[in-house]
Amino acid sequence: MTKYDTALYAPLLWTGESDEVLRDVTLICERGLLVDIVAGRSRGATDSGNAAIIPPLVNAHCHLEFSQLKQPFRTNRPFSNWIGQTMQARRENVDAASSIRAGIEESAEAGVGFLADVKTQSTDCYPEAEEAGPEVILFQEVIGLTDEAVASQRELISSFLQEVGRFRLGLSPHAPFTVRPDLLEFCVEKSREAELPLMMHLAETKAELELLAEGTGELVDMLSQFGMWSAGMYPAGTRPLDILTMLAKAPRVLLAHGNYLDEQEIQFLADHPQMHIVYCPRTHHYFEHSQHPWQSMLEAGVNVALGTDGRGSNPDLSIWNEVRFLKQQFPDVEPRRLLKMATINGAKSLGMDTTIQIGRPANWTMLIQKNSEAKPMTSLQNLLQAEVWAHGDQN
Ligand SMILES: [Zn+2]
């Protein structure tokens, strides 16, 4: 990787460390590290124009294998029908490596610095990280309901955990309705042994809640058709809280969606800071779910990150577009709240602190105001009108 000795002038810098923004500063970098932040425009500094620098954007939940899709699946419900479409798309995709590469390239262009992907394909499908591209963290998907599937998934997990090298890893037991409780326990145990994070879809649909509580509904019908459902897998009255209780033993947990978590469950998350929510705003909107409790979660002290989910439910993989969508839907929300979710909260869910600090790697996302008539970026408020320009990892 290139080593930079460079100075970059920025009209606006939000380090993520506090709510404060710095104006008219130059960032001095040496050998990939930020070594100083000085007032004004230093001689010889690269001028970034009407730009703002923020900590790198983080996509905390994605399925890159569907990145070849031009648009989300036509039918969003019933959810079991949508799942059928994803399974078909996976079967029909003869070149998953190209889809994954396309998704990574798209994310790089969208200024994403870190991306947590649910991996179903071989690790060989993932290219080497590029300087301007995101670091991809691989969460091996785990699905198993029958004795045979559970046994083979246990083997898969053990061999996945031996994979060494270029990626950071995690496990992704898919969802309560596709992972038998004993297999989930196994994932938790392995995550403790290997000190790896878990990622799980939880409380995503009302159908999932019905399956847990009553053992009925469209998801039970779908699994029965495949001969995979066993009545009594969950005792009557099971709730997402019971799943959260199992997951809480893992060192770190990312919960994708959490659309239908109730107050008590949100409090449980607040009491377990190793558990994080990944809210996927436009995917949530696509499925026409009830209002997401992300604001109550944040107010309770839960760390809420943002994800795009895959292109089967979202038109693109841009986290900045998630931010702009939220700003449109919730015009009164404080900009810093959205910025945190898109950057440092995502990093926290991945076990990192990416606030911009002297002595740390020079790794950030740059936003630029493309419309020349727009006001200069002097505050976080008008920063939200900006376009993503680039993610620069100057390591
Ligand atoms: Zn997902």
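First listed ligand is number 1; within each ligand, the first listed atom is number 1. Quick caveat: nothing in here was measured; it's all calculated off a predicted structure.
The number of protein N, O or S atoms lying under 2.8 Å from the Zn ion (ligand 1) is 4.
Applying the 6.0 Å contact sphere to CD of Glu193 captures more than 12 heavy atoms from other residues, nucleotides or ligands.
The two residues Asn93 and Asp95 make their nearest non-hydrogen contact at OD1-N, 3.1 Å.
Considering only residues two or more places apart in sequence or on other chains, Ser191 meets the side-chain contact (heavy atoms from CB on, under 4.5 Å) condition with Leu198, Ala250, Pro251.
Taking the ring centroids of His257 and His292, they lie at or beyond the 6.0 Å cut-off.
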Pair up each side-chain donor or acceptor in residues 223-236 with any protein partner under 3.5 Å, not counting sequence neighbours, and list the distances.
from, atom 1, to, atom 2, distance (Å)
Ser224, OG, Val220, O, 2.7
Tyr234, OH, Pro176, O, 2.7

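Annotation for Tyr260: hydrophobic cluster partners, listed by chain and number, are Leu209 (ILVMFWY side-chain heavy atoms under 4.5 Å, direct or chained).
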